[in-house]
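What follows is a single structure, written as structure tokens, with notes after it.
One-based numbering along the sequence shown. Atoms within each ligand, like the ligands themselves, are counted from 1 in listed order. Basis for what follows: all heavy atoms, side chains included, without hydrogens, waters or symmetry-related copies.
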Amino acid sequence: MATTSASASPMSSDFDRLSELKAFDATKAGVKGLVDAGITAVPRIFHHAVPAVDLKNCALLIILNTVVPVIDLAAARSELVAQVKAAAETFGFFQVINHGVPDELLAETLTSIRRFHEEPAETKKPYYTRDKTRRVRYECNFDLFESPAANWRDTLFMKMSPAPPGEEEVPSACRGIVSDYTTQVRRLAATLLQLLSEALGLHRGYLEHDAGGIDGLEVVGHYYPPCPEPRRTMGTTGHSDPSFLTVLLQDGIGGLQVHVDDDDNDGGDGGWVDVPPVHGALVVNIGDFLQLVSTDRFKSVEHRVLAMAVGPRISMACFFKTHDRCRVYGPIVNSPGDERPRYKTITVEEYVGYYMDRGLDGKSALEHFRL
Ligand code: OGA
Ligand code: NI
């Protein structure tokens with residue numbers, strides 16, 4: 001997919017960015033720590049060059065009536081396959097209702113993430129780490145030292161599958177709840193991969209079983225504190241997801257946007273469309289691995305989260321992917337002769353290594369592997 005220009009601020013010689021990053025990281029208190037300390041200006045390490053809101057594009061997209069679809073999973077199967085197919089081929093994003101995950105569990109999950117982030121700094125510190133081998137991590141910007149500009153966001157990361165952390169490893173604020181939630185979302189992800197397999201003309205179990213699309217699960221519970229200067233920074237820089245499929249739970253604050261391409265050939269590069277909070281809904285998006293194996297039929301679309309004056313905003317993303325880093329992914333061959341490969345055949349390790357080394361910089365990681 002097309003990507004917008006990097007949202008990084010140029011390196012400036014008049015401040016020692018690395019020292020400031022290190023000093024901030026050493027607090028182990030995240031962005032929430034800055035806000036609690038009463039800062040009224042966004043520190044330079046968080047400054048982004050691109051304005052967060054593009055009014056011209058907003059107007060254009062309202063005229064084009066561009067809306068991320070909401071799909072009712074209670075509809076008849078044949079209709080569902082068609083709706084999911086259309087959404088996966090265009091926006092790469094849709095919301096689902098009647099998905100089977102109870103409303104109370106959605107609410108409890110968001111509350112538990114908020115509870116963790118609002119614990120005293122001393123309680124959270126033991127979880128703060130940049131050691132990517134730990135299954136439970138409290139981190140402020142996984143790519144703090146790699147990306148060109150930091151995001152106004154703290155995160156609780158948990159690797160839930162194939163081997164979930166022991167209950168004692170999970171912070172008490174989330175104990176029991178995140179595991180219940182992810183069990184239910186995994187069932188939903190299996191249903192969605194069945195629909196997507198059918199939409200590709202494959203047997204129902206292909207993406208789940210043959211491609212291992214939900215063998216691995218990593219979850220991130222984000223906390224976006226209110227920001228004193230939201231136009232200077234971003235909640236999450238534009239990126240596409242390093243997953244097969246992502247299921248996202250967001251609260252009612254808003255700020256999530258997806259990028260839509262501009263098809264009218266006027267030289268514009270499209271614009272950003274809101275993914276408005278819909279009570280009880282879950283947001284679903286296609287990840288880079290599914291775009292790769294489907295040879296661009298399904299779109300892993302760039303998305304971002306604006307920094308907001310209001311908040312905190314809470315969200316929880318479940319990244320479904322294979323757990324096997326040695327697994328090789330290339331195009332699915334289901335209609336011989338009709339497609340030439342568009343991506344290199346790569347291992348998961350190669351892709352994830354590239355994604356992590358670079359951090360979020362506003363460009364699609366998948367493009368790096370395009371032939
Ligand atoms: C992500 C992501 C969106 C959100 O974690 O990859 O896009 O609303 N999150 O927090
Ligand atoms: Ni994402």
Problem - Side chains of T295 and P341 in contact at under 4.5 Å (non-hydrogen atoms) - result: no
Handout entry: Audit row: H303, H239, ring pair (Phe, Tyr, Trp, His ring centres under 6.0 Å) steps and yes/no
Key = CA-CA 6 Å; H303 51 286; H239 67 284; 4.1 Å; yes
Practice task
Return the orientation label for the F142 and Y355 ring planes: parallel under 30°, perpendicular over 60°, tilted otherwise.
Solution key: parallel
Validation: residues 186-195 side-chain donor-acceptor distances under 3.5 Å, sequence neighbours left out:
from : atom 1 : to   : atom 2 : distance (Å)
R186 : NH2    : I214 : O      : 3.1
T191 : OG1    : R187 : O      : 3.2

Handout entry: Flag side-chain contact, heavy atom, 4.5 Å: R204 against E198
Key = yes
Practice task
May I ask you to check whether E367 and S364 show a side-chain donor-acceptor distance below 3.5 Å?
Solution key: no
Exercise for the section: Inspect the surroundings of NZ in K132 and state if more than 12 heavy atoms from other residues, nucleotides or ligands are less than 6.0 Å away. Expected result: yes
Practice task
Go through the structure and list residues passing side chain to side chain donor-acceptor pair (under 3.5 Å) with K159, not counting sequence neighbours.
Solution key: none
Problem - Short side-chain donor-acceptor distance under 3.5 Å, Y224 and N151 - result: no
Quick check for students: name every N or O atom pair between ligand 1 and the protein closer than 3.5 Å, with distances.
from     : atom 1 : to   : atom 2 : distance (Å)
ligand 1 : 5 (O)  : H222 : NE2    : 2.7
ligand 1 : 6 (O)  : H239 : NE2    : 3.0
ligand 1 : 6 (O)  : D241 : OD1    : 3.2
ligand 1 : 7 (O)  : H239 : NE2    : 3.1
ligand 1 : 7 (O)  : H303 : NE2    : 3.0
ligand 1 : 8 (O)  : R313 : NH1    : 3.0
ligand 1 : 8 (O)  : R313 : NH2    : 2.8
ligand 1 : 10 (O) : Y224 : OH     : 2.7
ligand 1 : 10 (O) : R313 : NH1    : 3.4
ligand 1 : 10 (O) : S315 : OG     : 2.6

Problem - Atoms of type N/O/S from protein, distance to the Ni ion (ligand 2) below 2.8 Å - result: 3
